[in-house]
Amino acid sequence: MKVINTQIEDVKVIIPALFGDERGFFMETWRQDIFNDQVANREFVQDNHSRSQRGVLRGLHYQTEQTQGKLIRVISGKVFDVAVDMRKNSATYGHWVGQELSAKNRRQLWVPEGFAHGFYVMSDIAECVYKCTNYYHSDSEVSLNWNDPSLDITWPLSDAPLLSDKDKKGVSFDKAPSF
């Protein structure tokens with residue numbers, strides 16, 4: 001596995017080694033020892049799988065209790081994946097990192113605890129799978145406004161995104177709880 005730093009020190013891109021021939025391919029998508037040594041010393045407790053159509057924007061979500069670190073990868077299609085630093089005492093508070101994740105490039109994004117996370121679907125269909133370091137806690141979930149002008153996220157939109165009711169009512173960055 002190759003680990004690449006992003007503009008925010010704690011957010012990492014992980015590229016698994018791929019072994020392929022005419023029969024297909026094999027790759028390790030995650031290994032505890034390498035992850036602990038090169039990314040973050042974490043234990044994962046929950047796996048999630050989402051499927052979305054072109055134009056869907058999910059996020060930006062985070063939990064104020066039972067905070068979750070997430071290791072995200074795309075197994076079908078392509079998304080633009082975003083992490084926003086919500087850690088008040090961080091030098092990168094309010095900064096964001098965006099990364100194209102696809103079944104083709106096999107990149108994964110590590111989004112640590114203390115970050116809001118979301119993605120925009122750029123292909124007809126996209127399936128994302130992600131490991132979480134804590135369990136889902138609906139009572140403490142926050143939906144940050146995906147297009148807050150103070151964040152100035154450069155989403156690769158082709159049209160107005162398809163949003164859930166929750167995401168349509170996202171809070172502005174200046175009113176969102178931080179860590």
Side-chain angles (χ1 to χ4, degrees), residues 1-4 6 8-17 26-53 56-87 90 96-103 105-123 125-146 161-171 176-179:
M1 291 184 187
K2 181 178 179 183
V3 177
I4 301 170
T6 67
I8 298 177
E9 181 180 351
D10 296 329
V11 178
K12 308 288 185 190
V13 174
I14 301 165
I15 304 174
F26 172 83
M27 67 178 178
E28 283 183 342
T29 59
W30 177 81
R31 265 186 54 167
Q32 184 77 54
D33 58 345
I34 293 173
F35 191 84
N36 286 356
D37 185 51
Q38 297 183 29
V39 180
N41 190 2
R42 298 293 194 283
E43 179 181 324
F44 293 102
V45 299
Q46 178 178 316
D47 278 358
N48 298 331
H49 184 150
S50 74
R51 184 176 194 269
S52 306
Q53 66 186 34
V56 167
L57 194 150
R58 294 187 185 272
L60 301 158
H61 303 146
Y62 64 102
Q63 297 175 181
T64 57
E65 297 175 37
Q66 293 180 208
T67 58
Q68 293 180 312
K70 297 175 181 175
L71 180 61
I72 302 105
R73 69 185 178 105
V74 172
I75 61 170
S76 174
K78 177 171 60 172
V79 306
F80 183 70
D81 204 271
V82 172
V84 178
D85 193 345
M86 300 302 294
R87 304 169 300 169
S90 168
W96 63 275
V97 168
Q99 185 71 212
E100 187 176 294
L101 304 179
S102 70
N105 73 17
R106 296 180 179 88
R107 289 176 174 232
Q108 300 177 70
L109 188 67
W110 164 243
V111 178
E113 300 85 353
F115 283 74
H117 170 256
F119 62 86
Y120 173 72
V121 179
M122 301 167 66
S123 54
I125 297 290
E127 292 191 54
C128 300
V129 293
Y130 51 103
K131 296 182 158 314
C132 299
T133 61
N134 213 330
Y135 301 105
Y136 177 64
H137 189 258
S138 62
D139 292 343
S140 72
E141 185 177 38
V142 176
S143 185
L144 182 63
N145 187 1
W146 68 273
L162 302 171
L163 303 168
S164 69
D165 288 339
K166 172 179 65 176
D167 292 339
K168 288 177 185 175
K169 300 172 187 168
V171 298
S178 58
F179 299 96

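What you see is a predicted model; the values in this text were computed from it and never measured.
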Using the side-chain hydrogen bond (donor to acceptor under 3.5 Å, both in side chains) rule, take Y136 and E141 through it: C-alpha gap first, then chi angles, then the decisive distance, then the call. CA-CA 8 Å; Y136 177 64; E141 185 177 38; 2.9 Å; yes

Begin with the C-alpha distance, continue with both residues' side-chain angles, and end with the deciding distance and a verdict on side chain to side chain contact (heavy atoms under 4.5 Å, CB included) for I72 and F119. CA-CA 10 Å; I72 302 105; F119 62 86; 5.8 Å; no

List the steps, then state whether side chain to side chain contact (heavy atoms under 4.5 Å, CB included) holds for D47 with H49. CA-CA 7 Å; D47 278 358; H49 184 150; over 6 Å; no

Take E28 and F26 through the test side chain to side chain contact (heavy atoms under 4.5 Å, CB included) and record every step on the way to the result. CA-CA 7 Å; E28 283 183 342; F26 172 83; 4.2 Å; yes

Should R58 and S50 be marked as a side-chain hydrogen bond (donor to acceptor under 3.5 Å, both in side chains) after you check the CA-CA gap, both sets of side-chain angles, and the distance that decides it? CA-CA 10 Å; R58 294 187 185 272; S50 74; 4.6 Å; no

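V111 is not listed as a side-chain neighbour of Q68, based on a closest heavy-atom distance of 4.5 Å or more. Side-chain contact between F35 and I14 is present, with heavy atoms from C-beta onward closer than 4.5 Å. In this structure, the side chains of T67 and N134 stay at 4.5 Å or more apart for every pair of heavy atoms. Inter-residue side-chain proximity for V45 and C132 is flagged as unmet; no heavy-atom pair is nearer than 4.5 Å.
Under the side-chain contact (heavy atoms from CB on, under 4.5 Å) criterion, T133 pairs with R42, F44, W110, E113, sequence neighbours left out. Evaluation of the side-chain contact (heavy atoms from CB on, under 4.5 Å) rule for N36 yields Q32, N41 as partners, not counting sequence neighbours. Under the salt bridge (charged side-chain N to carboxylate O under 4.0 Å, His left out) criterion, E100 pairs with no residue, sequence neighbours left out. The salt bridge (charged side-chain N to carboxylate O under 4.0 Å, His left out) check on D33 picks up R31, with sequence neighbours excluded. Taking the side-chain contact (heavy atoms from CB on, under 4.5 Å) definition, one finds that I15 meets it with K2, I4, V13, R107, sequence neighbours left out. With sequence neighbours excluded, the residues that form a side-chain contact (heavy atoms from CB on, under 4.5 Å) with T64 are Y62, S140, V142, P177.
Contact record, Y120 with P161: CE1-CB, 4.3 Å, taken as the closest heavy-atom pair. Taking both residues in full, the closest heavy atoms of S76 and V74 are given as O-CG1, 3.3 Å, listed atom of the first, atom of the second, then distance. Looking at every heavy atom in both residues, V171 comes nearest to A176 through CG2-CB, 3.8 Å. Across all their heavy atoms, D167 and G59 have their closest contact at OD2-N, 3.1 Å.
How far CZ of F115 is from NZ of K70: 12.5 Å, rounded to the nearest 0.5 Å. In this structure, K12 NZ and L71 CG are separated by 13.5 Å, a value rounded to the nearest 0.5 Å. Here CG of D81 is found 11.5 Å from OG of S102. Values are rounded to the nearest 0.5 Å. Considering CG of D37 and CE of M1, their distance stands at 12.5 Å, rounded to 0.5 Å. Within the model, atoms OG1 of T6 and CH2 of W96 stand 11.5 Å from one another, a figure rounded to the nearest 0.5 Å.
When atom types are taken as modelled, the side chain of N145 and the backbone of G170 share no donor-acceptor pair closer than 3.5 angstrom. At distances below 3.5 Å, at least one donor-acceptor pair connects side-chain atoms of Q108 with backbone N or O atoms of T29. At least one donor-acceptor pair closer than 3.5 Å links the side chain of S123 to the backbone N or O of K78.
Within 6.0 Å of atom CD in Q46, more than 12 heavy atoms from other residues, nucleotides or ligands are found, so the atom counts as buried in its surroundings. When the shell of 6.0 Å around CD of Q53 is examined, it contains 12 or fewer heavy atoms from other residues, nucleotides or ligands.
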